[in-house]
*Asks:* 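Please find one structure pasted underneath; my questions will follow.
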Amino acid sequence: MARIKRGTTTKAKHKRILDQAKGYYGRRKNTIRIARQAVEKAGQYAYRDRKVKKRSFRALWIQRINAAVRAEGLTYGQFMHGLKLAGVDLDRKVLADIAMHEGEAFKGIIAQARQALPQQPQA
């Protein structure tokens with residue numbers, strides 16, 4: 001029976017890993033054992049950070065909305081509550097974009113939210 005030589009498959013596997021490790025520093029880019037560990041860890045970070053990215057952007061949108069709303073004398077929480085009561089159905093991404101690029105339109109949205117809020121008695 002003929003002997004099976006597996007050099008080509010091993011080389012292909014190694015090449016795939018080393019291609020993924022391209023640009024890494026030191027032995028991480030050219031030593032298969034270390035490159036494999038580096039690529040695996042990079043994949044774990046990439047998987048985790050695809051989720052974290054969504055959190056980070058939501059936090060950024062909230063900060064931008066909060067800054068724009070506080071300039072008009074409301075808090076973020078009051079503003080969002082007012083929007084819900086007014087029936088304005090815009091998500092935070094769109095609100096943040098309007099706040100950044102179209103200030104006058106955003107002031108109109110704030111006015112709608114403020115009108116929908118229940119008036120507090122003067123002390």
Side-chain angles (χ1 to χ4, degrees):
M1 219 167 158
R3 182 167 143 245
I4 297 171
K5 298 163 89 179
R6 295 192 308 263
T8 51
T9 53
T10 303
K11 187 172 182 346
K13 276 184 179 179
H14 287 191
K15 186 171 171 19
R16 192 183 75 236
I17 299 283
L18 292 173
D19 284 345
Q20 288 177 315
K22 187 176 180 184
Y24 289 5
Y25 185 79
R27 290 196 308 163
R28 295 163 65 93
K29 72 175 175 288
N30 54 19
T31 305
I32 189 62
R33 186 177 293 182
I34 296 165
R36 184 178 287 125
Q37 292 172 359
V39 167
E40 191 173 312
K41 191 66 169 178
Q44 291 170 349
Y45 285 137
Y47 177 81
R48 179 196 70 190
D49 290 341
R50 280 195 293 276
K51 316 271 183 280
V52 171
K53 183 180 179 184
K54 293 164 183 60
R55 275 179 246 156
S56 301
F57 269 102
R58 184 181 168 97
L60 176 67
W61 299 331
I62 289 171
Q63 288 168 5
R64 287 178 174 173
I65 294 167
N66 192 16
V69 167
R70 281 185 186 270
E72 298 295 316
L74 278 177
T75 66
Y76 171 79
Q78 291 168 336
F79 173 68
M80 294 308 283
H81 181 58
L83 284 183
K84 193 173 193 105
L85 293 176
V88 177
D89 194 27
L90 293 173
D91 62 6
R92 286 160 182 80
K93 180 180 178 180
V94 172
L95 285 170
D97 191 65
I98 293 171
M100 289 285 291
H101 298 104
E102 298 167 31
E104 292 303 315
F106 194 68
K107 285 181 184 175
I109 295 171
I110 292 173
Q112 273 186 306
R114 186 177 270 136
Q115 281 180 339
L117 285 171
Q119 299 302 319
Q120 297 176 350
Q122 301 295 327

*Asks:* Do D97 and K93 sit within salt-bridge range, that is, some charged N less than 4.0 Å from a carboxylate O?
*Replies:* no
*Asks:* Check whether more than 12 heavy atoms from other residues, nucleotides or ligands sit under 6.0 Å from atom CZ of R48, and answer yes or no.
*Replies:* yes
*Asks:* Quick one: OG1 on T9 to NE2 on H14, what's the gap to the nearest 0.5 Å?
*Replies:* 9.0 Å
*Asks:* Quick one: NZ on K11 to CZ on R16, what's the gap to the nearest 0.5 Å?
*Replies:* 14.0 Å
*Asks:* Atom CD of residue position E40 - does it have more than 12 heavy atoms of other residues, nucleotides or ligands inside 6.0 Å?
*Replies:* no
*Asks:* Checking F79 against L117 for the side-chain contact (heavy atoms from CB on, under 4.5 Å) test, could you report, in this order, the C-alpha distance in whole Å, the side-chain angles of both residues, the deciding distance, and whether it holds?
*Replies:* CA-CA 9 Å; F79 173 68; L117 285 171; over 6 Å; no
*Asks:* Search all heavy atoms of A116 against all heavy atoms of L85 and return the closest pair with its distance.
*Replies:* O-CD1, 3.6 Å
*Asks:* Could you walk me through whether T75 and R70 satisfy the side-chain contact (heavy atoms from CB on, under 4.5 Å) test, starting with their C-alpha distance in whole Å, then the side-chain angles of each, then the deciding distance to 0.1 Å, before giving a yes or no?
*Replies:* CA-CA 6 Å; T75 66; R70 281 185 186 270; 4.1 Å; yes
*Asks:* Would you say the side-chain atoms of K54 pair up with the backbone N or O of R50, donor to acceptor, closer than 3.5 Å?
*Replies:* yes
*Asks:* Using 0.5 Å steps for rounding, measure from the CG atom of L18 to the CZ atom of R28.
*Replies:* 13.0 Å
*Asks:* Where is the tightest heavy-atom contact between R114 and L74, given as atom of each residue plus distance?
*Replies:* NH2-CG, 3.7 Å
*Asks:* Can you give me the closest heavy-atom contact between A35 and A21, atom names plus distance?
*Replies:* CB-CB, 4.0 Å
*Asks:* Return the CD1 to OG1 distance between I17 and T31, rounded to the nearest 0.5 Å.
*Replies:* 13.5 Å
*Asks:* For the NZ atom on K51, are there more than 12 heavy atoms of other groups (residues, nucleotides or ligands in this structure) within a distance under 6.0 Å?
*Replies:* yes
*Asks:* Which residue, I110, D89, L90, L95, forms the side chain to side chain contact (heavy atoms under 4.5 Å, CB included) with L83?
*Replies:* L95
*Asks:* Out of curiosity, D49 CG to R55 CZ, how far, rounded to the nearest 0.5 Å?
*Replies:* 9.0 Å
*Asks:* Report the C-alpha separation of D91 and W61 in whole Å, then their side-chain angles, then the decisive distance to 0.1 Å, and conclude whether the side-chain contact (heavy atoms from CB on, under 4.5 Å) test is met.
*Replies:* CA-CA 10 Å; D91 62 6; W61 299 331; over 6 Å; no
*Asks:* Can you confirm if the NZ or CZ of K41 lies within 45° of the ring axis of Y45 and under 6.0 Å from the centre of its six-membered ring?
*Replies:* yes
*Asks:* Given the rule that I, L, V, M, F, W and Y join up when any side-chain heavy atoms are under 4.5 Å apart, are V94 and L60 in one cluster?
*Replies:* no
*Asks:* Under 4.5 Å between side-chain heavy atoms, hopping through other hydrophobics if needed: is there a path connecting V88 to Y76?
*Replies:* yes
*Asks:* Any chance you could measure R64, atom CZ, to M100, atom CE, to the nearest 0.5 Å?
*Replies:* 4.0 Å
*Asks:* So N66 and Q63, side-chain contact (heavy atoms from CB on, under 4.5 Å) or not? Walk me through it.
*Replies:* CA-CA 5 Å; N66 192 16; Q63 288 168 5; 5.7 Å; no
